Each structure stands twice: as structure tokens, then as C-alpha cells.
2 protein chains.
Amino acid sequence: MTKQREAVLRVVRSEKCHYTAEEIFERAKEILPEISRATVYNNLHALERDKLIRRITGEDASDRYDSAFIPHGHLYCTECHSISDFNVPDFALTLSGIIGGEIDSYELKVRYICPACSESRATEKRA
Amino acid sequence: MTKQREAVLRVVRSEKCHYTAEEIFERAKEILPEISRATVYNNLHALERDKLIRRITGEDASDRYDSAFIPHGHLYCTECHSISDFNVPDFALTLSGIIGGEIDSYELKVRYICPACSESRATEKRA
DNA sequence: ACAGGATTTAGAATCATTCTAAATTTATTA
DNA sequence: TAATAAATTTAGAATGATTCTAAATCCTGT
């Protein structure tokens with residue numbers, strides 16, 4: 001665990017982080033101004049391999065990361081593109097039951113319209 | 001629905017397709033030799049928007065696609081990188097229950113070791 | 001201190017995807 | 001059917017996230 005890896009981990013673990021590699025790079029530079037982009041990528045991969053962080057794929061051009069404390073799903077709003085977390089109780093267990101074997105990890109993403117956007121849509125209609 | 005869009009859809013709907021855009025392009029050229037890569041991308045986006053096909057993200061550098069008949073999850077083997085489908089009964093319903101609102105779509109990916117690889121590992125250990 | 005192995009760095013290279021602008025096709029309206 | 005508008009297609013250039021490279025640096029164990 002080098003100081004670079006520690007810095008990357010600290011950034012990803014910061015509050016409500018769903019950052020891209022680039023954003024993590026920017027923030028890691030505030031801790032270690034000399035850190036390079038390649039190192040950030042290297043460490044994101046290493047930390048993901050060791051299950052200290054989790055990669056979130058798909059909704060943008062670039063991957064995002066979050067801390068892996070509790071397995072959870074992600075909600076994407078198709079209007080404002082915000083990301084939030086949600087939990088499916090005992091889902092890992094449910095999955096291994098269906099699959100009939102051990103699971104390494106899972107990724108669950110739901111696209112929907114978030115309450116805020118849903119509300120502002122309704123307001124518009126009324127107007 | 002142009003003949004190009006039809007060709008792309010036909011390729012994605014071919015048996016057990018989990019192709020990348022590039023693979024779809026190669027196969028679409030067998031139907032329409034003049035088709036261009038940009039058209040394949042355009043139509044993949046259009047077909048996804050219209051929910052005629054589904055995009056699968058993440059496990060490779062490039063996205064993959066499959067036909068969207070029945071909502072289902074994907075199993076990735078971490079050893080041989082094969083992809084297969086599986087079904088979580090009534091999952092869309094479960095999700096909208098948890099989220100408390102309507103869902104646009106969901107993507108569920110599970111990483112595990114497939115039965116074939118699991119077996120060959122066991123065989124190795126025995127040897 | 002020293003050897004060996006892993007990590008870091010800057011920048012170049014790669015490669016999937018998107019963009020562009022012109023040409024063509026399809027749909028609409030007269 | 002002719003005329004016009006709107007959407008789609010095309011080839012190739014551009015973009016941009018990520019990976020690669022090769023040299024420098026940092027640990028670790030002796």
C-alpha cells in the first residue's frame with residue numbers, strides 16, 4: 001500500500017463518491033501533487049481487484065468508482081443523470097441461490113426518473 | 001426502419017448474440033456490404049432507445065448487445081470470459097417495489113466461475 | 001549498503017465511439 | 001406526381017478514456 005494507492009483510496013472513500021478516473025486524478029493531486037494519471041488507473045485496478053473499491057460501468061463514456069463497503073445497486077436518472085445508491089436486501093444470497101454456486105461480485109443498475117425530475121415534470125404539466 | 005437498421009437488428013437477434021459493435025458491423029456487412037460503421041453505431045443507439053435491443057456494458061473495453069425479448073441478467077465467467085444469460089423471476093417488479101416508482105430498465109451482471117471452469121479447476125487439483 | 005521486484009512517472013499509442021459535412025433516401029404536402 | 005423537408009447514410013477525421021512503454025524511483029529482505 002503505497003502513499004499513492006492510499007491517496008486514491010481516500011478519494012474514492014470520500015463522501016458519496018461516484019467519481020470518474022479523471023475526477024479521482026484531480027482530487028488525488030490535491031493530496032499528492034506529483035501523482036500521475038497512469039498511477040491512478042493502476043491503483044484503481046489494484047483496489048478493484050482487492051475489492052476495496054467497486055467499478056460502476058456504463059452510463060457515461062467513462063467508468064466511475066465507489067467504495068465497496070456494502071454491496072448495493074445504482075439508480076440513474078435518465079433526465080438529470082444523477083446517480084444514487086439503493087439496497088436490495090440479501091441480494092447476493094438470492095443470486096447465488098438462482099445461479100447455484102458462489103458469486104464473485106455483482107453489478108445492478110436501474111434507469112428511472114428520480115423523484116426531483118418526476119416532480120418538476122408534473123409541475124410543468126400543471127402550468 | 002431502413003434496410004440498414006433491419007440488418008443490424010437481424011444480426012443482434014441472431015442466435016445467442018452478445019456481440020460487440022465491431023462484430024455486428026462485420027456481420028451486417030455480409031448482409032449489406034456497403035454499410036458503414038457509423039450507421040451500425042447510429043442504429044444500435046436507435047434500437048436501444050426503442051428498446052428493441054439491449055446494451056450490455058462493462059466487462060470488456062467495448063459494449064455488447066443482445067435482443068431484448070425477455071429482461072434477464074448476465075453471467076460473466078472470470079476465468080474464460082464467457083457470457084451467458086440468466087433470469088431473476090419478477091425482478092423488474094421487485095425493483096419498482098423497492099424504489100417506489102416506475103423503472104425504465106435495469107442491467108444486472110454477475111461475475112462468477114462458470115461450471116465448466118469450476119470443473120476443470122477441480123480436476124487440476126485432483127491431478 | 002545492495003540486489004530484486006514492484007511501483008511510479010510522463011508521454012506516446014491504442015482503440016472504441018462520436019462527430020462532420022456532403023450525399024442519399026424516405027416522408028410529407030401540394 | 002412534383003417539390004420540399006426531414007431523417008439517414010457514408011467515409012473519414014476527431015475525440016477521449018484507457019493502456020502501454022521505458023526509464024526512474026521506491027520498498028523489502030539480506
Side-chain angles (χ1 to χ4, degrees), chain A residues 1-12 17-66 74 76 78 81 83 107 109 111, chain B residues 1-12 17-66 74 76 78 81 83 107 109 111:
Chain A
M1 177 72 72
T2 63
K3 62 184 189 298
Q4 287 87 349
R5 185 162 307 178
E6 216 168 287
V8 169
L9 182 57
R10 204 165 111 202
V11 171
V12 177
C17 164
H18 291 123
Y19 296 145
T20 62
E22 189 63 26
E23 290 164 344
I24 293 164
F25 174 53
E26 291 305 328
R27 282 166 178 80
K29 271 201 290 198
E30 290 167 17
I31 304 173
L32 292 172
E34 302 294 283
I35 200 168
S36 94
R37 218 180 299 268
T39 302
V40 169
Y41 278 100
N42 284 346
N43 284 314
L44 287 172
H45 294 160
L47 292 167
E48 189 196 3
R49 172 173 38 71
D50 298 345
K51 299 194 193 301
L52 292 171
I53 65 174
R54 225 152 54 111
R55 188 162 57 105
I56 314 169
T57 60
E59 222 54 23
D60 305 288
S62 32
D63 290 344
R64 291 173 176 276
Y65 292 87
D66 75 7
H74 290 107
Y76 291 87
T78 54
H81 308 109
I83 303 175
E107 186 174 358
K109 295 182 300 178
R111 290 158 49 82
Chain B
M1 179 72 70
T2 63
K3 61 184 190 296
Q4 288 88 347
R5 184 162 306 177
E6 217 167 286
V8 169
L9 182 56
R10 204 166 110 202
V11 170
V12 177
C17 165
H18 290 122
Y19 297 145
T20 62
E22 188 63 27
E23 290 163 345
I24 293 163
F25 173 52
E26 290 307 326
R27 282 166 178 80
K29 271 200 291 198
E30 290 167 18
I31 303 172
L32 292 173
E34 302 293 284
I35 200 169
S36 94
R37 218 181 299 269
T39 301
V40 170
Y41 278 99
N42 284 346
N43 283 315
L44 287 172
H45 295 160
L47 291 167
E48 189 197 2
R49 172 174 37 72
D50 297 344
K51 298 195 193 302
L52 292 170
I53 66 174
R54 226 152 53 110
R55 187 163 57 106
I56 314 169
T57 59
E59 222 54 22
D60 306 290
S62 32
D63 291 344
R64 291 172 176 277
Y65 292 86
D66 75 7
H74 290 107
Y76 292 88
T78 53
H81 307 109
I83 304 176
E107 185 173 359
K109 296 182 298 177
R111 289 158 48 83

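The sequence lines fix the lettering, A, B, ..., with proteins before strands; numbering per chain opens at 1. Computed from a prediction, not measured in an experiment: that's the story for all the values here.
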Which parts of nucleotides 12-20 of chain D does protein reach within less than 4.0 Å, heavy atoms only, written one letter per nucleotide 5' to 3' as B for base, S for sugar-phosphate only and - for none?
-> -----SBBB
Quick one: pull up [atom1] in [X] and [atom2] in [Y] and give me the separation to the nearest 0.5 Å.
X: D63(B); Y: E48(B); atom1: CG; atom2: CD; result: 8.5 Å
X: I35(B); Y: R5(B); atom1: CD1; atom2: CZ; result: 10.5 Å
X: L52(A); Y: L44(A); atom1: CG; atom2: CG; result: 11.5 Å
X: L32(B); Y: K3(B); atom1: CG; atom2: NZ; result: 6.5 Å
X: Q4(B); Y: N42(B); atom1: CD; atom2: CG; result: 10.5 Å

Please give, in whole Å, the distance from [N] [atom2] to [X] [atom1]?
X: D50(B); N: dA7(D); atom1: CG; atom2: P; value: 14 Å
X: E6(A); N: dC26(D); atom1: CD; atom2: C1'; value: 15 Å
X: I31(B); N: dT9(D); atom1: CD1; atom2: P; value: 14 Å
X: I24(B); N: dT17(C); atom1: CD1; atom2: P; value: 10 Å
X: N43(A); N: dT9(C); atom1: CG; atom2: C1'; value: 12 Å
X: D60(B); N: dC15(C); atom1: CG; atom2: C1'; value: 13 Å
X: F25(A); N: dT8(C); atom1: CZ; atom2: C1'; value: 12 Å
X: L47(A); N: dT8(C); atom1: CG; atom2: C1'; value: 15 Å

Any [X] side-chain nitrogen or oxygen under 4.0 Å from OP1 or OP2 of [N]:
X: Q4(A); N: dC26(D); value: no
X: T2(B); N: dT9(D); value: yes
X: S36(A); N: dT8(C); value: no
X: N42(A); N: dA6(C); value: no

For the helix from dA1(C)-dT30(D) to dA30(C)-dT1(D), measure the angle between the helix axis at one end and the axis at the other, each built from five pairs, rounding to 10°.
->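 One end's axis against the other's: 40°.
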Contact check, side chains of L47(B) and V12(B), non-hydrogen atoms, under 4.5 Å | no
Can E59(A) and H74(A) be said to form a side chain to side chain contact (heavy atoms under 4.5 Å, CB included), step by step?
-> CA-CA 10 Å; E59(A) 222 54 23; H74(A) 290 107; over 6 Å; no
Intermediate values then yes/no, salt bridge (charged side-chain N to carboxylate O under 4.0 Å, His left out), E23(A) and R64(A) | CA-CA 9 Å; E23(A) 290 164 344; R64(A) 291 173 176 276; 3.7 Å; yes
How about T57(A) and E107(A): does a side-chain donor come under 3.5 Å of a side-chain acceptor?
-> yes
